[in-house]
Structure formats: structure tokens, C-alpha cells
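Please read the structure below before turning to the comments.
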Amino acid sequence: QETVKVVGVIEMSGAGATAGTNYKNGAQMAVDEINAKGGILGKKIDFVVYDTQTNPGNTRAAVQRGVDEGAFAIFGPVFSGPISASMQIAQKAGVPQIVGGEAAGLTKQGVTTIFRTSLNQADAMPKLAEYFKNDVKANSVAVVWVNNDFGKGGRDAIIPELQKRGIKIAADIATESAQADFAADAIKVKSSNADAVFVYLNEEESARFLRAIKQQGYDKPIVGETTLLGAKVIELAGDAAEGAKGHVGLSVDAPNPLFAEFGKKFQAKFNYKSDHNGIKGYSGMYMLKHVAEKTGKLDKEAWLKYAHGAIIRTKDEPGILIDSKFDANGDVDRESFLAEVKKGQQVITGTLPPVNKF
Amino acid sequence: MLKIDNPVLTLENIVAGYGKMTILNGTTFSVPRGSITTIIGPNGAGKSTVFKTIFGLLNARQGKITLDGKDVTNFTPRQMLEVGACYVPQGRNIFPELTVRHNIELGSVAAGASITDMPARIEASLDRFPVLRKKANQQASTLSGGEQKQLEIVRGLLLDPKLILIDEPSIGLSPMMVKETFSILTELKDKGVSILMIEQNAKSALQMSDYGLVLELGQTRMFDTAPAILADPRVGQLFLGGGMGEATAA
Amino acid sequence: MDQFVQLILAGLATGAIYALAAIGFTLVWQTSQTINFAQGEFVMLPAILVLAAVKFLHAPLPVAVLMAVGGFLLLFGFGFKQYIVNPMARHGILPLAIATMALSILMKESAKDGFSAEAQQFPSLVPEGAIQLFGATLSLRDIAIFVVAVVAIVGLQLFVTRTKTGRMMQATAQNPTVARILGISTEKMILLTFLINAGLAILASFLISPVYLAKFSNGEVIGTAAFIAAIVGGFNQVRGALAGGFIVGLVDNLAAAYVSSAYRAAVPLVLLVLVILFKPEGLLGSKEERTV
Amino acid sequence: MNAHVNLPASGPVLKVDGLKKHFGGIKAVDGVSFEVFEGEILGIIGPNGCGKSTLFNCILGQLQPTEGAVTLDGEAITGLFPAELNRRGVSRTFQLLQVFPNLTVRENLILAGQEHQGSMLSRLLGPKDAGLTAEAEKMIGFFNLGHLADSKAGGLSYGQQKLLDAAMAFMAGPRLVLLDEPAGGVNLTMLASLKERLEAINKEQGATFVVIEHNMDFVMSLCSRVVVMAEGKVLAIGTPAEIRANPAVIEAYLGH
Amino acid sequence: MTRHPVFSRIDANLATLLIGAVILWFAPAGLKSYGLYVISLWLVMSIAAMGLNLTLGYAGLKSLAQAAFLGIGAYTTALITAKGGIIGPGWSWPLAFVVSGAITFFAGVILGFPALRVKFHYLAFVTLSFATVMFLIFRNEQWLTGGVYGFSNIPRPSVMGSKLDNDLAFFRFVLVVTVLLSLAMWWMLRSPWGRAFTALRENPLRAASLGINLRAYTLLAFAIGSAYGGFAGALYAPLVEFIDPAPFAISASFVLLLTVVVGGQGYFLGPFLGAAFSYVLPEVLRATGGLYLLIYAALVLILLLITPQGIIGIVEKMRENRRQKAAQEQRNASKVMLEA
Ligand SMILES: Nc1ncnc2c1ncn2[C@@H]1O[C@H](COP(=O)(O)OP(=O)(O)OP(=O)(O)O)[C@@H](O)[C@H]1O
Ligand SMILES: Nc1ncnc2c1ncn2[C@@H]1O[C@H](COP(=O)(O)OP(=O)(O)OP(=O)(O)O)[C@@H](O)[C@H]1O
Ligand SMILES: [Mg+2]
Ligand SMILES: [Mg+2]
């Protein structure tokens, strides 16, 4: 029987392993569901995953391999560096590539085959800056970020937004990915005397940071993005996560029954709670399916044509989990949420509209 | 070739070597009990290899080694020590980062409960080699070459062995220390210990030995009383330098 | 000033962790001239084993701890020595070092594929709580790690240098053939070393994991820091691990606060390179032996 | 007694002047002075630990002397690197075995000569090992190592390695050779060949030798003069006959 | 006169190299882009490993910085050849190649100085520190290197005015460069320099007393080894067409170390075998899904247990056996002096 070959090029080891594993698991779950219901246009998805070791060279090789093997689409990677290294290959071959990266630059380079599964940092950060100004009412902020493409991208995006709103940057602290000991950073934040701290780290590091800063007796607002408020962080940081707040793109705790249902299925299948990367992988795979079915054939060119500018609503495709619009660059626009950690739970305190209404 | 009764150690048709090289090819000899036997032979004859094979550092591929009638072929060093053999190898064999005293103490590791006077023994040996006493707390690696050899000799003779295998003890020792070492060996012999020694310093060694054995290409060429070996003109010509000293003085 | 004191205390707490992990390097080097590049993974794995026993075998925590300890000692004390170190030791340092590198990948990937790619909480053996010291906060856990590190290293140092068994272990490392000739059971000595090493790794794992969380990739961070600490202290001294750990921990924290945080990883290294260039045998290491 | 007592025709080749080497409190060499003349074979004897090897190491730049000066042909060489001294024609052997264990016997020998040929660049680009292979072959012949020429040096017996070490010091026509116990472990017959070789090089190439040895037959029959050391100091200098008769030497070293 | 074993060994090396090159020239005709990419990567990493093999395998200097040199070469090439770079695309690659080699050569000299003072793990530490600092520079100095976002659109070089955008053409270009660099290495290793490097590893004390200038050879071993890292980098950048700091991190230096040891340290062909093991085998295993790193690590362990001297150690072992047999024959044939 004919199949639709989708090649996952994902960080299964190296610095991106945690994110990549979630992304892959989410995608795998979607593939299993889709195949159980007969596949895409009657053809089962043949989903193979090649590990990139979070290394651009390997990623490039893997994407090339997928292209050579006649993949209908490349799924991944998640980290922005490897995406940059490989997107030209997919572009040259005209193969759609559905990535998990959030760095602003990815969709600005005229590559016509790339699609995001989450908000561009350039779109998310203005929302956060507004939040600092209006809700937190901070005049100065300490920024703690992880020194990789994700963290640096976020830092580069938020600092000008904050400054534009007259908020001072009291401290600008880079940390290493996979850093274990945050005592020095916490002490530095505390002695910067900023009105609030913005934490832009990966999940585990967020948890470690929260613990470290709590040990220093810090009592000012701790604000972050999706990675600070995730279930995993709350689980790992325990009490220390209490009161942390900020902006959340995708979250299994969002007030959205589809997210909640996804969360339950994921938990049942993989025995742990999915983070936003799991949602990205899952909804990304459904986006692939939906667009293919809309075009009515398995044709990459047609797929790309339809996908640019596509609006996918949950009523048509529940697997997308949240109404999403894909623009001509491959950026996605959708609702997002304001959240806070209360009593060990992520509580959604508000919903923010998409950047451009659709 | 001399026949002896009741030998302490016998080797029968030993075959051993390194990798694809066979060095001992049917080595056979017996070591007389309670006496000093000196092995001589050209460099590379396989003398040290014989010792390594006896003491279980090298595998005997064929043949049989017996100590006091007991088959000890391919015993481990530890087992050899337990049946009453000990071995002082050739070359530099110290623990460089331990002190001299600690080096020496490790010579008593294999001692059974029967030996209770170990500290006294160590003191007695240090009397024979006063340099070592003086440097007892220094790192062994800082000793001079000859001092290191003295350390090894002291360390190797701490136990109450039946049989001593000692490989070229005189290398690096000053003439006085060679004499001292030889007299220690003689004293041990007088206590009934059997000694098998390798020496290139052959004339002095044979003079204090009871028996001599010539090893060449891994095989026993001659076995006789020491005076007989010393007197043999062929041995003198081939292995004892054929009268070095006189030739140049002429 | 307040900040400075806090940084110093935090640095000592971190340093104790490094020291605890660094003993493994110095111990294994001192007694068998092996560099174990899987040392970090040795510290990572015991905690994961405990969690795995709880998760898959539904063992109650104390039973899971016992199982993990037993299994780890068997696999990575006895097994490591028997099946990796023994056959390769004769061939010099590098092949063995590379083998331990492969072992580290093996351990890491097994933990990830067999257990989880995600970090997990690990129950603390020490009660929660903190005390105030010179205006800075120190958790009880930090203090416990500190005490354990000091006691373990001092105790081990005394054991290796002051007892006959310890000297037999050293002798085995310095000249295995002669050690055998003297009747030292070199096999036993090496096994002892590796069992102690595995035991210390377990201890470190249980103490560190509540702070650093239990995760398959923790070994990389811990391993590197401990390696550096061991070198700084002087590889050939067990007690060097203690000083090395504290120095690296302190410099690391002070550098993160007072020097560019983007280059924090380099500051301790560069400083210590300078130290080493002026004192090539490490801070506490003894001089190389006489060779001529 | 001795066949060729050379008296100083010109200045000394090597001059050691008030040399001291202290290790902490240990005075290994404690003010040693002597001269070595062109073409002579000088022996150095003395009890174990009296500082002979340390003296060599200080002369050859392996150790930095605490005090004192060494001159080669009137030029100060104290503190020069061993390699620099070697390129000036000073070669040596070691008391403990020092060969390149994983190179073959032949490679060991060629290596011993190669740095004396041409410049660094010509060694990279030019024709290789001209003449050295033949010289190595000769050495191999002299020292009975023929069947081991292509074996790794680390697998040689003790005495064979000792001989190889000496042969390496003889490569590439040295002017001054310092030998540290070359006889230890060498079979007496081979020792006679070694001595023959040494004397031949001494006569034919005019090379000067300084030999540390405990083998009295060897020293006394080979050397024109002998330096006796004790506790880091020079106890006596003289011809073999004088030394044998010196009561202080008998007391400190020879015994009886 | 008997044949010189080093000569016969090196002749075999040269023959293998040249025959291999011819086969590789024609072999990949049927391969697609992916296959060509993988074998090109193999050759590029072989060059880097060849350099480390000189420093580590021959001269015995434990360096943990080879990936940093690869990075210096790659960034230098990117800076010179990329659009908006110093010179831009076109004929600039040969220049970039030379400059990459030169910069890494001098960096190697500088890094070699500590090697004169410290040995073993201290040297490993010094080189590790250097590699860390280089990685941080690649990552932090965004104005120069693109920082964490990397450096994209690195062009492939042109030959005779036509750009090597075709993967096969580029592969053949890499092959030619590899062969030239290998020949240079081969020549050096069979010259007295090669023996001097080995002497450095085997017994520096004895080497010094034989007139071998430890200082010069140590620095050379470092510098040339590093320059090969730089040369490899000059090919790596256009091969991947994108670089960011990740492939030049410490772990990559460790992989190169593994490559050299697994291939066979101190043997001319070792790096090629090692690189096949480290960079091609994982690609083959990638099809096994998530378990491939496990399988890979297990294979490394098993291989080292079988032949701790590396893959080429198997060949060496046969050679050594042959040599011992010959020695044995000669020993057996030697005359008995004393008839019993
Ligand atoms: N470790 C080894 N590997 C390979 N061959 C070896 C090894 N040790 C010794 N041989 C070979 O075995 C032969 C005998 O060596 P052995 O050490 O027994 O000689 P020996 O009689 O003790 O000589 P010497 O008087 O010089 O000490 C030599 O030809 C030597 O090349
Ligand atoms: N690095 C060191 N540290 C301390 N003491 C040392 C060191 N090196 C040598 N010594 C001491 O210096 C003295 C002289 O040693 P040296 O090796 O020169 O003696 P030697 O005359 O060559 O003796 P031998 O005849 O035994 O070879 C010895 O007492 C030795 O212990
Ligand atoms: Mg011998
Ligand atoms: Mg000496």
C-alpha cells in the first residue's frame, strides 16, 4: 500500500533532547491517530525519525536524506540553529518543513517551505512587554535568559520592547543551557533591585532557577513565557514556582477542552505530562494532514500554495487544537494566554487575541 | 651433565615465550637443595624468561615445573609465594611514589601468620643497608639507581622462603654492596634456603656459588659445580669475556 | 558586601558538590591510573535507578534505594572493573578513556530511552530548611553536602595514605607487576577501588539530585566540573579533589556575578590555566617522580 | 699499566667547576671540580648514592645545577638544553633503561643519528637517512642484535637494551660521550666487544669518554684516569694504579 | 640489506591512499545528495582527525581542542567567502583555505607553549580551556560570527569559474583536497620528522639527549595538527553551507579524540577508518530510530575490547606477528656456541 512519507528530523539527543522528545512524541501520537482513521487521503503516514544530536551538520544530513528518500514533508527540527542549517535544503527541493523553532529570524530569510508550530518570538514579546507595563507595573526589570538561539532570540526581542515602554533593564544575565547551579544568578538578580525579573529559560533550568531564587528569599514578581509556567516546571520547582506568572502560547492547562483532552491522551500514552513542544508536534502533524486533504492530492507544490495564508479552525480540524492562521512567511498567529501559578496549578488569568484578527 | 638427587625445583621441557616468539624451547634443569646455583648465559638467552615462567608471570605453554615435588606449573605469583618461593626481578622495580619504608613493608604482604617479627626483620635489613635507613621516609623515586636495587633486595628477602629467585642483583651495586648482597645470600643458604641466581657478573657470582648453569638460546647447555664451570675453558672464552683486562693491558 | 558573602557561601556549597563528584576521578587515577570520563554519568545514574525502580517495579522508596545501590555497585563497581577496565588497562590510558566515553553515552542513552528524557524530582535525604549565616541563607542540604564531601575526602585520603591496604592500592597502580610479585592481590585492590568509587558516586547522586533534579543529561555538567576540579587539585592526590572543588565552585560563582555572564564558563578555566602554567603539578599535587 | 695515558696537549674538552646540586636538604653533588681532556677515557666511580648520575644530569642539562659552572671547549654550557648539547657533539647513556620501546631497534639507532644531519627543513624535504642506515646496520652487527633489528626495542632483554642504549650514544660521531654504568647487565663477552668498540671510536675518531661504572675490571682496564666520588665530593683523581692503592678509596669504595 | 619495515609500511599506506582515491572518484556516481554529503563529511572529518592523529597519535600530546580549530577554520572561511563577507564568493575560497590554515597554525603554536611546560591531563586541561574559550567566542561575538544564530549562506567554491553547486562536483573537489593534504602528511611522517614526533611520544627524555629539539617538534606537532583542523574547517563551512557554534563544542573535540583512538592512533590510515566509524556509521545506524546512539556506543566499546589499538590495530597485529615469526626464524637459525 502506498504511504505518505514524513521524515522527522528531530533533536533526540544533545542539548535539545528534551524538547525534541516531546515534539516527536506529540507528532507520533498524531500519526497514530491519523493512521488509525485511515491516514491522509487514504494513505497511511510513514513517519520515520532521524536524530540530529542537536547538531546543524547532522540536521542538514538528515534533511537531505529525507529529501533524497522522497519525503512529502520534513517534520522538525525544534532548535533554531539546526533549522537555519537545514531549511535551504528543503527549500531547494520544495519540500514543506514544519518546525518547532521560535527564533524571530527563521521566517525572515525568504525561505518558502518553512512553517512554524508556535508563535514567533517577535510576536510574543510585545505582548509580554505590555504585560510588564500594565499588569506588573514594573519600572525596571532583570532579564535572565539562556544563552542559546531560543533564549538569545527572546532576549533580543524583549529588551527593545521593554525599553520602548520606558522600562529599565536592571540586569541582563546570560546562563548556560543545561546549567545546574543558579545561585550566583539568583544573587545577582536579587541585588539588582529590579521591580521584577523576566525568566526566559528552558523548563528544567526554569525550575532550578526558581528554587535558587526562592532560597535567596526573593519576593518580587517573577515573570516568564511559556517555558516558565509549564506543568513540568511547577512539578519540579514545587513551592518555589508559586506566584510565577506571564504569557503562555500553548499549554495543556489552557482553558480549552481540546488542549485538556490532548494532555490526557498524551499522559496516558507516554506516562508523563506533555509540555508545549508536545502540543507543537501534535498540532503540526494535523496541520500537515489538514492542508493535504484540503488540496485533495499529495502534491507538495499545491500543499505549499494552500498552506501559505491558510486558516485552520478547530471546528474543521480538531487536531489543530486551537484556531491558527499561517501567513505567507510560514509564521503562525493564534490566541495566547496570561497565566499564573497558584496552589501548584497553572491558572489562566486572561486570554490575548491574535496579533492580527482572522 | 651433573645429576642431582632431591632437587628443590625442577623444570621439564618448558616451552614459553612472548606472542609468536618462543624463547624457552624445552628448557630442562633441576636446582639443588640448600645451595646457591648461578645461571649464566649471553644476553637474550632467556634467563629472565625462565624466572618469569617459574613465577607465573609468563605462561608455560608446555612442560612441567615442580617445587618440592609439587606441580607448580602456571601457578600465580601469589601461589608461588605461598609454596615458599620468592622472586627479585631484574631492572627497576619500585613503587616510585611511596616512601622507602612503605616500599619495604610491602615485601611482607604475603607473610603468613607464622611470621611475627616482621618489624624486627625490617630493622635488621636496614642495618645491613644503612643508606635505606637514612632515607626511610623519602620517596623511593628519589633514590639513586644502586640504592633502589638495595631496596628491592631488602624487600624481596623479608619472608622465610624455601627458594629465592634473584635476577642479576649486582646491577648498579657498588663492589662493597655486591659483597654485602652475596654474603646475605650465603647466610641464607647456610640457613637451608635454596638460591637460584642469574648473574652477568659471572666470575664473582660463580666464586660464591655451589653450582653453575649455562643457558643458551633457552636451553641448558651445561650444569656442573661452580668451580668446574669457572674452570671450563670454553665457558671462559664464550661467556666470561675470555680474559678481559689482560688483553688490553698487553 | 552582603552579595559577596552570599556568593562565597553559594560557591562553597557548589564547590562541595564538585568535590564530591571529583573524588571519583582522583581515586580511580590514584589507584589504577584510569580516567573515567563516565564519572558524571556515575553520579547521574543511581538517582535515576531509584526512580525507575519506583516507577516500573512499584517498589516502595527504601526498597528502591536498596535495589539501586545494589544494582549500581554490581554493574558499575564490579562490572565496570571486570569487563571494561581489566581487558583494556594494559593498553595505556587513552583506549580506556575512550571506552569510558562510550560508556557514558551508553549510560546516558539508557537512562533517556529506558526511563525518561525529562528531569524528575528526587526526594531529599536531608530535611528541607535553611539557616542564616552572615546575612546569607544556607539550606540544610547545602550544609549536608559540604559535611559529607569533607568527611569523605579526608577519610579517603587517610585510608589511602595511612593504611596498609591503601598503600597496597597505590602500589597496584604504580607498578602492578611488582605488586603481584610481592603477593598483593591486585585484582582485589582494583575491585576495592572501583567499589569505593561506585559507592561515592551513589552518595553524591543521592545528595545532588534533589538540587539538580534527576535527569539523564546531568552527567555532562557534573562530569566536566568535577574533571576540572580534580585537575586543579592535582590528580594524584585524593585530597586535591576537595580544594579543587571549592576553588572551582568559588571562582565559578564569583565570575558569574562580577565578570561577563556570557563568558562565565571560561573565567575559572582561564584563571586555572594560569595557575597550572606556573605550578604545573596542580595546586596540591606532588612533583612528578624523578626520571633520570 | 694503561696503554694510552693521554696528557693534556690542549685545554680540557669538558671542565666542571664547583658544581653543586641540592635537593632540599640533600646535597647530592656538593662542589665537584675536574677536567676531561681531549681523547681521554675518564672513569668515575664511587659508592651508591654519591652523586655520579646527578653529576651527569647537571652537566647535560637534564637538571639545573644549584651552583657551579660547566664549560665545553672553554664555552659555558651550564643550563643549556640536553638537545643543544647533543647537537654540539655530546652524547650519553642512562643508568636506567631508556630506549624508544615501540620503535624497532633499527629505528632507535637511526633516530639517534638523524638530528645531526642537515637542517630541520632539509630533514623534511631532502633525501632521508643518507648514511645512517648503513651506520645503524654496523652497530647492529657489533652488538649482536641482528635477529632483533626489526623487533621493538621494548621487547629486548635487559642487557640487549643496555647495549642498544650505548650503540645509540655512538651514532653520528660524537666528540664527547658520557656513559652511565654501561656494563650493568651486559654479558662479559659482549662487554669485551663494547670495550673494543669504545676504544676504536676513541682512537679512530678521537672521541672523549667519561664512564661511570661499578665494574672495576672494566674501569681499570679502560680508563686513563679515574675520578672517585664520595658523598657528593671528589675523593681522589688519579690513574687506575694510584686509585687502587689509595687507602681512602679502599675504605670508601673498594672494600677489604 | 633487509627491507626497512617503516618503508614497506608507508608504501602500503601510499598505495592504499591512491587506490582509495581513484575508487572514490568514480564510486559515488549513483549516490544522491545525501550519500554525497555523508562521504564528503567523512573526508572532511578525516582531515581534522589526521591533524589530531599527528598531535596525539604520533607526538603523544593530549589535545582536546581539535574541534575548536575546525571551528576557527570554518568561521574564517565563512567570513572570507560569504556574501557580505570580507571578499565574497567566487575565487576567494583558495585564499580562505590558506588563511584558515595559517591562523590555526599560529594558534597551534601558541597552544603548544603550555605543552612545553605541562604534560598529560594538565595539557588536556589547557587545551580544553582553549576550546571552551573559542566556543564562547563563536557563540557570544555575534557581530563577527553570527553568535547563536549562526552564519548562513556560505557559498561553495568555484573551480575554473564554475561554482561547485553540484554535490558530486563538490565531493570530488573535497576528495582532491583530501588527497593532497594526505600526501603532504604521508611525506612528513615518513621523513625524519615523523620519527622525531614518535620519539617525543615514546621517551622525551631520551629524545632530548639525542639532539631532538623537543621545543620545536612539540610546537610543530601542535601547529601542523591544528592547521589540518583549520583546513578541514575551510571545507566544512561550504559543505554544510551554514555554521553555528554547536559542531565546535567540547563534545565535538571529544568525538574527534574518539575518532583517532578508534581508528588507530599513530597509524597513517587510522583517521580515515576512525572517521568512517564516527561520522558515517551513525548515519547508517540512524535508521534504527532512537536507539542508534546506544548501538553506536556499544559498538565502540566492543571494538575497543577486541582491539584496543583501534581498527587498524587488527592489521598491525598481523604485521607484528609476521615480524615476530621472522625474528623467531633468525633466532632459531643462530649458531649455538656451546654444544651441550
Ligand atoms: N616482553 C618481551 N616481549 C617480546 N620479547 C621479549 C620480551 N622480553 C624478552 N623478550 C625476548 O626474549 C629473549 C630472552 O629475553 P630474556 O629477558 O629472558 O633474556 P636474558 O637471558 O634475561 O638476557 P639479559 O642477560 O640481557 O637479561 C630476548 O631475545 C628478548 O628479545
Ligand atoms: N630528585 C631527588 N630528590 C631527592 N634526592 C635525590 C633526588 N635525586 C637524587 N637524589 C639523591 O642524590 C643522591 C645522588 O644520587 P645519584 O643518582 O647521583 O647517585 P649515583 O652516584 O649515581 O648512585 P648509583 O651508583 O647508585 O647510581 C642520592 O642520595 C639520591 O638519593
Ligand atoms: Mg635478564
Ligand atoms: Mg647512578
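Fair warning: this is a prediction, and the values are worked out from it, not measured in the lab. Letters go in sequence order (proteins before strands), and every chain restarts at 1.
- Judged purely by distance below 3.5 Å, without hydrogens or angles, the side chains of A:Q121 and A:Y200 pair a donor atom with an acceptor atom.
- Interface summary for chain E: among A:T59, A:V48, A:N147, A:T54, the most heavy-atom pairs under 4.5 angstrom belong to A:N147.
- Between chain E and the options A:P82, A:G105, A:G153, A:S86, the largest number of non-hydrogen pairs under 4.5 Å is found for A:G153.
- Distance alone, capped at 3.5 Å, is enough to place a donor-acceptor pair between the E:N166 side chain and the E:L168 backbone.
- Residue A:S80: no heavy atom, backbone or side chain, is found under 4.5 Å from chain E.
- Both the backbone and the side chain of E:E283 come within contact range of chain A, with heavy atoms under 4.5 Å apart.
- Between chain E and the residues A:A15, A:G81, A:G14, A:S84, the most heavy-atom pairs under 4.5 angstrom are made by A:S84.
- For chain A, the nearby parts of E:S33 are the backbone and the side chain; heavy atoms of each come within less than 4.5 Å.
- With ring centers used as reference points, E:F135 lies 6.0 Å or more from E:F248.
- In this structure, the portion of A:T52 lying under 4.5 Å from any heavy atom of chain E is its backbone and not its side chain.
- Here the side chain of A:R116 pairs no donor or acceptor atom with the backbone of A:G330 at under 3.5 angstrom.
- Neither the backbone nor the side chain of E:Y279 comes within less than 4.5 Å of any heavy atom of chain A.
- For E:Y34, the parts lying near chain A are the backbone and the side chain together; criterion is any non-hydrogen pair under 4.5 Å.
- If you check the side chains of A:E69 and A:Y50, you find a donor sitting under 3.5 Å from an acceptor.
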Could you go through the ring pair (Phe, Tyr, Trp, His ring centres under 6.0 Å) check for E:Y292 and E:Y296 one step at a time?
CA-CA 6 Å; E:Y292 85 97; E:Y296 173 69; 7.8 Å; no
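- Judged by distance alone, the side chains of E:S100 and E:T76 never bring a donor and an acceptor atom under 3.5 Å apart.
- Only the backbone of E:L239 comes within contact range of chain A, with at least one heavy atom under 4.5 Å from a heavy atom of that chain.
- A salt bridge between A:E33 and A:K269 is absent, with no side-chain N of the basic residue lying under 4.0 Å from a carboxylate O of the acidic one.
- In this structure, the portion of E:Y37 lying under 4.5 Å from any heavy atom of chain A is its side chain and not its backbone.
- Highest contact tally toward chain E, considering only A:D68, A:D149, A:V67, is held by A:D68 [criterion: heavy-atom pairs under 4.5 Å].
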